[in-house]
Amino acid sequence: MAAFPRFRFLAIAVIFHFAYIFSIFDIYFVSPIETGMRLFNVQRPPNRSAPADRLVLFVGDGLRADKALQSHPEPYPKSDADLTPRPLAPYLRSKILEQGTFGVSHTRVPTESRPGHVALIAGLYEDVSAVTTGWKLNPVNFDSLFNRSRHTWSWGSPDILPMFEQGAVPGRVDAYTYGHEFEDFSSDATQLDLWVFDHVKDFFAEARRNKTLAEALRQDKIVFFLHLLGLDTTGHSYRPYSKEYLNNIKIVDQGVKEVAELFRDFYRDGRTAFVFTADHGMSDWGSHGDGHPDNTRTPLIVWGSGVAKPQLYPGEVAPGHDEYSADWNLDHVRRHDVAQADVAALMSYLVGVEFPANSVGELPLSYLAADIKEKAEASLVNVQGILEQYRVKEEKKKATELKYRPYQPFGENGLSPERRVAEIRQLIDAGRYEEAIEESAALMKLGLGGLRYLQTYDWLFLRALITIGYLGWIAYALTTVVDLHVLHGRVRPSRTLGGGLFFTSVLVALYASFVISKSPLTYYVYAFFPVFFWEEVYARRESLAAGRKELLGHINSGGSVASFVLNSALYVGVIESLALGYIHREILSVLFVLGSFWPFTHGLSFLKKHGALSATWFLACIAMSTFTLLPAMKAENVNLITIGGVLMVVIGLLYLIFEDFVLADFSWNAKPTSRNHLSRSLVGIQVGLTILSIIITRSSALSLQAKQGLPRGNQIMGWVTLVASLLMPLAYRLQPNNHYMHRILVIFLTCAPTFVILTISYEGLFYLVFSALLVSWVRLEHAVQKFTSSKAPQTTTTKKPTITTESHLPAPFRPLTLHDARVALFFFILLQSAFFSTGNVASVSSFSLDSVYRLIPIFDPFSQGAMLILKLMIPFALISANLGILNKRLGVAPSALFMVVMGISDILTLYFFWVVKDEGSWLEIGSTISHFVIASLLCVFVSALEPISAAFIAGVEVGEESELKEEGKVAEKVVEKVNEAVEGLVGGGGDGGGES
């Protein structure tokens, strides 16, 4: 039962942090979906039809606005003339210059396919958590353009179309998709787009023979949706600046031209509207997901029936242009930018259907070929849809609030929405159309402001509650550390009736308010943890008092107090500086450079005694500082992969040559140990697997770069090597070598082949340097402890085990001291460096799929994501093993330093919680969300590292164990007998709080 308090602590940590991660979605990103709204449409006389009878939507998945409209040389030149830059989408460009209206559509985060298509087709921005459903068959459970249409036909990816087919009215959407096996990153992705264009042609060819189909196609209010995934797949594989991506733009442009001509020849009535856009863009490194401008800026080109002609400004720069479009050679054509959700409103107007129920898009009037009266009517209908959403949401909020605070512009002192709509109607009836449009635009802003007001109604209360919860966790965690690892459970919790009544009353009052307001179940969880944590801290107030004497008893002068305060401020400052490191990775470089001088703080005598070790630490820190200066975005470099792999092999061979020296704690004086031949053979096999991984990876990467696909044999051998290397530690059980340095090497070589296969650039070099730094850290911490203890008075270094009736086993580990706080800080910094040294895990765009294609060339985001996570986790396997060994060498409990880090890490989490944004640039919004989630998950992650550490170091022997066994065996036996006697006298005791 001795381990129960530790297990309880870890369980609470995991549950608390997982629960509180969702708080930002309850606070900042509440789902906008509501039901029960009335729908609005532009009312026209019976003799007047909608601007278009049908609409064709082309979505070039992953197409950036600049790449679509810039001029480039011919991707595959055949003559010198082909080297002259020219537009690669001449047909779309001709529509911009002659027939339609264009601009940039600005998307929101997450820049993934599902949220992008929902914004385009439904006119709403799903809450950020919707990205988790981006690649699953999860029907869109809200209104959309497809629902409003008479019928929709769609062609494209099996990852996108079925969501809208099954989410619409049954039978209203037909979806034609290719198989998942077509989405092969190692093959020519233009075939995906050609498949769509070919099947559209076949469809209309069938319509010429099928009278029923032809009649259905002659109806009004119909939509055609062409999803073109080739650009996204090509961009992931080759990058958006590659000749492959640029050539795919040419193919898409030609396909759009052929489809448009097909519609013209089939209908011959000029009643078709065309919209060409993208769901998201793509970074220069072939990825997307975050709010980088390359991911959020997509082209929007609209032409055909009901669409305004281009506004030309010969000889001058037209309005709307900026530096971004300066090299498009379209300066004389007015650019009309929109938000992505505006496209849904535009399409609904053009085809004459109701605006989708949850749409928040503003109808872009500049795209309409309509008279001023029609625009005024359309604007009013648009704003009525927004106000209807406000009405429904306000009624629900009023029904659940004890005292509702109305939105001021629509409150008692302001005009009601109904009154304002009536006034705009009067302006239209009076022929004052310009004024009506202006008033509609103003009312639209107020309506959207009202929706935001209702969405943020509970912000202040929730943010205060969450903040108190995080502060409670920090206090609870540090109190538990003091109780378990400083006092070893000597002091029992002290609860009082008054305290119990107070905390119970607080919780009951909170829950009662939630019941009345019909709050979500998550609110009950958010309220429970602060009350629980602070009650626990209050109950252990005597432990805190005793812990203060143990830890701070030596601080008894003005100078020592000032020093303690200064060091505490510096400690918190270093933690907060890591927050800046999430944005500016160079901060970690500064910390490593400063940390390299740590051995010098112990004086010349220490440096003389441990010169080689101190030099190794210094060089490893300086080398680590370089990685965060390198770009997070990396291109594939086969030579760097090979160099990193070869150096891993060299490390294994050097160990085999100098095994006796290494196992003697890097001493030539110790006598050689008896060789473990099976263990040496297994190390040789691991070295061989690393060599094999280098050969396979180099061959696969070169084959993929040459666009020859992934050889089947390479794929099979890659998987065999990866799985075999990860299973190798099991073979060591046959004849184990339990020396800690041997165990570290085994773990290093176990992960080496995986790291080689899944690396694309300098990550292998990082793996080497990081491993060297960790080993140096373990050895240096132990050397520092021995050095400082030898200088300290003997009375402070020998303590008799405390025997109490509550903890009748002597504490098998030494209590923590203030010096251990620095060890925990080093551990925390190393954790951060593992996340950020080779990339930026706070940016989805920094993840490259190049390495994953060597094992999984077919598009499978969950499997491919799992492989990327495996690569990300490897450095933490090293950290957990080294920290476990360090715990043993320092004599502290296995969980002690882990628990300290779990407490202090939420200083970072709380900072990121308060800087989360839901407004501003989408780069900032996406970054703040990911920073908070990463910081919050860090505590969960650390809790998971402890059992991993225990598994890695099971049975391991550190250098001092034999000495300790001899010196402590007699004393240990005496203490054991005394405890047995005490237990017999008191009839047993509590289970204590110490660890076994």
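Given the structure is predicted, the values throughout are model-derived calculations rather than measurements.
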Can you check whether [X] and [Y] have ring centres sitting under 6.0 Å from each other?
X: Phe203; Y: Trp155; value: yes
X: Tyr390; Y: Tyr453; value: no
X: Phe266; Y: Phe263; value: no
X: Phe225; Y: Phe58; value: no

Would you mind listing every side chain to side chain donor-acceptor pair (under 3.5 Å) that reaches into residues 348-366, with sequence neighbours excluded?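 Of all non-adjacent pairs touching residues 348-366, those that pass side chain to side chain donor-acceptor pair (under 3.5 Å) are His336-Ser366, Tyr349-Glu374, Glu362-Lys445.
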Flag the pair [X] and [Y] as a salt bridge only when some basic side-chain nitrogen lies within less than 4.0 angstrom of an acidic carboxylate oxygen.
X: Lys221; Y: Asp53; value: no
X: Lys373; Y: Glu377; value: no
X: Glu34; Y: Lys396; value: yes
X: Asp220; Y: Arg150; value: yes
X: Arg420; Y: Glu439; value: no
X: Asp269; Y: Arg264; value: no

Any donor-acceptor pair under 3.5 Å linking the side chain of [X] with the backbone of [Y]?
X: Asn295; Y: His280; result: no
X: Arg271; Y: Pro51; result: yes
X: Glu388; Y: Arg38; result: yes
X: Asp143; Y: Pro356; result: no
X: Ser416; Y: Arg419; result: yes
X: Asp265; Y: Leu262; result: no
X: Ser379; Y: Ser440; result: no
X: Asp342; Y: Leu363; result: no
X: Tyr457; Y: Arg405; result: yes

Contact check, side chains of [X] and [Y], non-hydrogen atoms, under 4.5 Å:
X: Ile386; Y: Met444; answer: yes
X: Val118; Y: Leu124; answer: yes
X: Thr101; Y: Leu368; answer: no
X: Lys393; Y: Leu451; answer: yes
X: Ser517; Y: Glu401; answer: yes
X: Arg148; Y: Phe355; answer: no
X: Val59; Y: His117; answer: yes
X: Leu443; Y: Ile424; answer: yes

State, to 0.1 Å, how close [X] and [Y] come at their nearest heavy-atom pair, and which atoms those are.
X: Val173; Y: Phe164; value: CG2-O, 4.1 Å
X: Pro299; Y: Leu63; value: CD-O, 3.5 Å
X: Pro162; Y: Ser157; value: CD-O, 3.9 Å

Q | Neighbour count >12 (heavy atoms, 6.0 Å) for atom CZ, Phe22 | A | no
(Q) Take a 6.0 Å sphere around CD of Glu423 and say whether it holds more than 12 heavy atoms from other residues, nucleotides or ligands. (A) yes
With sequence neighbours left out, the residues meeting side-chain hydrogen bond (donor to acceptor under 3.5 Å, both in side chains) with Asp322 are Arg335
Exactly one of Thr111, Asp232, Asp61 clears side chain to side chain donor-acceptor pair (under 3.5 Å) with His288, and that residue is Asp232
The residue among Val351, Thr277, Leu226 that forms side chain to side chain contact (heavy atoms under 4.5 Å, CB included) with Leu57 is Thr277
*Could you walk me through whether Asp279 and His227 pass the side chain to side chain donor-acceptor pair (under 3.5 Å) check?*
CA-CA 10 Å; Asp279 55 346; His227 177 240; 4.9 Å; no
> Quick one: does NZ or CZ of Arg54 land under 6.0 Å from the six-membered ring centre of Tyr267, within 45 degrees of the ring axis?
Replying inline: yes
- Item | Plane angle bin for Phe274 and Trp303 - parallel if under 30°, tilted between 30 and 60°, otherwise perpendicular | parallel
| said: Show, in sequence, the C-alpha distance, side-chain angles and deciding distance for Lys375 and Tyr433, and conclude whether the side chain to side chain contact (heavy atoms under 4.5 Å, CB included) test is met. | reply: CA-CA 8 Å; Lys375 289 183 178 180; Tyr433 304 123; over 6 Å; no
Q) Of all residues at least two apart in sequence or in a different chain, which pass the side chain to side chain contact (heavy atoms under 4.5 Å, CB included) check with Lys257? A)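 Per chain and number, Lys257 pairs via side chain to side chain contact (heavy atoms under 4.5 Å, CB included) with Tyr91, Gln254, Glu261.
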Side chain to side chain contact (heavy atoms under 4.5 Å, CB included) for His199 and Tyr178? Distances and angles first, verdict last.
CA-CA 10 Å; His199 279 71; Tyr178 38 75; over 6 Å; no
(message) Checking Thr298 against Thr107 for the side chain to side chain contact (heavy atoms under 4.5 Å, CB included) test, could you report, in this order, the C-alpha distance in whole Å, the side-chain angles of both residues, the deciding distance, and whether it holds?
(response) CA-CA 7 Å; Thr298 61; Thr107 73; 3.9 Å; yes
Review point. For Glu394 and Tyr404, does a side-chain donor sit closer than 3.5 Å to a side-chain acceptor?
Key: yes
